[in-house]
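In what follows, a single structure is set out as structure tokens and then discussed.
Proteins come first, then strands; the chains are lettered A, B, ... in the order of their sequence lines, and each starts at number 1.
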Amino acid sequence: MLHIFPEERWEPLPPKNFPRNVQSFDSKYGAICDSLMDFTRARDLLKGKYLHAYVIKSGLQTMPYLCQLLMNFYSKLCLPYCSEKIFHESGVDRFPTAWASIISGFTKNELPLCGIEHFKLMLRHDVNFLDDHVFPCLTKACVMIKDHVLGQSVHCLAVKTLFNVNVFVGSSLVDMYAKFGRLADAQKVFDEMPERNVVSWSVMMYGCIEMGDWEGALRFFKDALWHGLDVNGFTFSSVIGLCGNLTLFQLGKQMQALCFKMNHYRTGFIGSALISMYSRCGEIEGARGVFDEVLDKNVGMWNAMMIAYAHHSQTRRVFELFEEMENVGVKPNGVTFSCILYACSHAGLVEEGNLYFRKMKVYGLQPRSKHYASMVDLLSRAGKLQEAIKVIEEMPIQTESAWGALLTGCRIHGDTELGGYVADKVFELGQVSIDLHFQASNAYAAAGRYEEAAKVRMMLRDGGHRKETGLSWVEDGNRVHTFAAGERRHELSAEIYRKLEEMEEETARAGYVLKEAGVEEKIQRTRYHSERLAIAFALISFPQSRPIRVMKNMRCCSDCHVAIKFMSKCSGRTITVRDNSRFHRFQNGECSCGDYW
DNA sequence: ATAGGGTTAG
């Protein structure tokens, strides 16, 4: 007798669609199985438990098929240990498929070690139980615990047993190596697969994207189409996401058309990828268009649209969407609140931010580190540095992004003393990112603690770390024109620099001057920043009617921000600059960000 | 009948 729920006294009242008065054993058994599958699909824990009790009462608890259905049910409902209990007590371990079931149950429920443990037990029990179904679970478990060595031995076992020729096994191996960041190994497995399908191509592409090999990803996508592969929604959402990352607007639109033609269009995943793509290419209206077109909206789509508005400084719209979402009955999740807090932070709305932060609890959401970090960001940007420190102290785990946000706040509001103190705190954290080290070193310098600043710089230099090169780029037809500060590699360099000098005179006449001390040096340092080169290029080569969209991998410096405002005024054109965190839409001497970024 | 691989929003 199983006692999974010993506290329950059940005098069974069968669930509605469960036939109570069936006579023959077979049809009763079949009905139980059908109902159980229904309850699994519906994730109805109560009815399932009830049925389980009924199974025991009817003495059917050793029927292998039923046991597997029950195990499956409990795994799907995130109760892997209930599944394990059935497995060990019902004698179902005579069947290889039950082993596959228990192993996958553990890995799916984020218990990779238990899964691996049961795999070892299985091999000890009977080596012949090994089949192609367990390999994908194993590779997934290896990814979860980031165990390269174990992953390799799984691969090795697959090769020895020849299961590696199976397309499922092969794809999961490719995925594993890709997630380990070992693209070359992934590619090797991929190349050696005798048979490939959409998933094999998709995981390879996704791996390339994760590793920043964007061109490689596009090449794979093209090859997949070339091989006549029936690419699906998974594949498209990756590629569209990639177009958003690289701001390849033309390609992105082609992908949208292709999705439409291949009937993958109206899903939440594609929808949110498209919204993000349009938004990242500066086309906020286009993003809204997609949002309105896709009728079956999931949370992801609402979130994507909200973050799009936030990036474009249309804060009011973000709040409107949130309200609409509530009215329609879509339940916001943690990411939703990240979007809102981000929006508040970039509009300086401290009170609203506080309100929404508290509102999380109403939705049963526990604020996570990133939400605390957003609050710190919001408060420190608004100059409420002491309150920001309080939030950090409240955090369950203090993260580097929170301290980083506070450092940024100190810099913006010129509180050098506090900045130095925060930098000390950063080093107490131990392992932190290179970016934060640079920030801390700048904070020391600002606080006049030059020796410490130099020490940090030295440490970074000895570690071989350098700042990422600032780049700006513009899409023109089939070509992406990339610029770095002060470089003259572009074939139109001469004209570009001439245009910049011309603009300098024009903007000076319009009133553009640098206010700070050390002006001459600063002009020299900033006049050929990469975004200015890109804008100048667009000014001389784009027709007047074409909007200018410049993308940048770093934050726009305040001097360029002013300069571009004047450039937009003098040239009478709308210039959109996307830096690494948000959008600036310059129009007639004004910027959409309201100078708060 | 049963068990297997990949995705979005930050």
(Q) The side chain of A/Asn72 is closest to which nucleotide in this list: B/dG5, B/dG6, B/dT2? (A) B/dT2

Q) Which part of the nucleic acid, if any, lies within contact of A/Ser338, taking any heavy atom under 4.0 Å across all strands shown: a base, the sugar-phosphate backbone alone, or nothing? A) nothing

(Q) So if I take every side-chain heavy atom of A/Val199 and compare against B/dG6, B/dT2, B/dA3, which nucleotide ends up nearest? (A) B/dG6

Q | Ring geometry between A/Phe583 and A/His312 (parallel below 30°, tilted from 30 to 60°, perpendicular above 60°) | A | parallel

Q: Provide, to the nearest angstrom, the distance between the CG atom belonging to A/Leu229 and the P atom belonging to B/dG5.
A: 19 Å

Q. B/dG6, B/dG5, B/dA9: which one has an atom nearest the side-chain heavy atoms of A/Phe234?
A. B/dG6

(Q) Rounding to an integer number of Å, can you tell me how far A/Phe95 CZ sits from B/dA1 P? (A) 17 Å

Q) Is the shortest side-chain N to carboxylate O distance from A/Lys188 to A/Asp185 below 4.0 Å? A) no

Q) Is there a donor on the side chain of A/Ser237 or the base of B/dT8 sitting less than 3.5 Å from an acceptor on the other? A) no

Q.
Looking only at the side chain of A/Thr97 (C-beta and beyond, no hydrogens), which of the listed nucleotides B/dT2, B/dG6, B/dG4 gets closest?
A. B/dT2

Q. Between B/dG4, B/dA9, B/dG5, which nucleotide gets closest to the side-chain atoms of A/Ser104?
A. B/dG4

Q.
Counting only side-chain heavy atoms from C-beta out, which of B/dG5, B/dG6, B/dT8 sits nearest to A/Phe269?
A. B/dT8

Q | A/Lys146 to A/Phe180 six-membered ring, cation-pi geometry met (6.0 Å, 45°) | A | no

Q. Distance only, no hydrogens: is a donor on one side chain within 3.5 Å (strictly under) of an acceptor on the other, for A/Arg582 and A/Ser313?
A. yes

Q: Starting from P on B/dG6, measure out to CG on A/Asn232 and report it in whole angstrom.
A: 13 Å

Q | Protein-nucleotide distance (A/Phe190, atom CZ; B/dG6, atom C1'), rounded to Å | A | 13 Å

Q: Could you tell me whether the side-chain ring of A/Tyr65 sits stacked on the base of B/dT2, using a centroid cut-off under 5.5 Å and a plane angle under 30°?
A: no

Q: May I ask you to say what A/Val167 touches in the nucleic acid, namely base, sugar-phosphate or nothing, with a heavy-atom cut-off under 4.0 Å?
A: base

**Q.** is_close_aromatic(A/Phe168, A/His133), centroid dist under 6.0 Å
**A.** no

**Q.** Side chain of A/Lys370 (C-beta onward), nearest among B/dT7, B/dG5, B/dG10
**A.** B/dG10

Q) Among all residues two or more places apart in sequence or in another chain, which pass the side-chain hydrogen bond (donor to acceptor under 3.5 Å, both in side chains) test with A/Glu320? A) A/Arg316

Q: Send over the distance from A/Lys76 NZ to B/dT2 P, rounded to a whole Å.
A: 10 Å

Q) Quick one: does A/Ser172 reach the base of B/dG5 with a side-chain donor-acceptor pair under 3.5 Å? A) no

(Q) Counting only side-chain heavy atoms from C-beta out, which of B/dA3, B/dG6, B/dA9 sits nearest to A/Asn333? (A) B/dA9

Q.
Can you measure A/Gln68 atom CD to B/dA3 atom C1' for me and round it to whole angstrom units?
A. 7 Å

Q. Quick one: which of B/dA9, B/dT2, B/dG6 gets closest to the side chain of A/Lys140?
A. B/dG6

Q.
Between P on B/dA9 and CE on A/Met277, what's the gap in Å once rounded to a whole number?
A. 13 Å

Q: Select one nucleotide: of B/dG10, B/dG5, B/dT2, the one nearest the side-chain heavy atoms of A/His311.
A: B/dG10

Q: Please report, rounded to the nearest Å, how far the P atom of B/dG10 is from the CE atom of A/Met301.
A: 14 Å

(Q) So A/Tyr206, base contact, sugar-phosphate only, or nothing? Heavy-atom distance under 4.0 Å. (A) sugar-phosphate

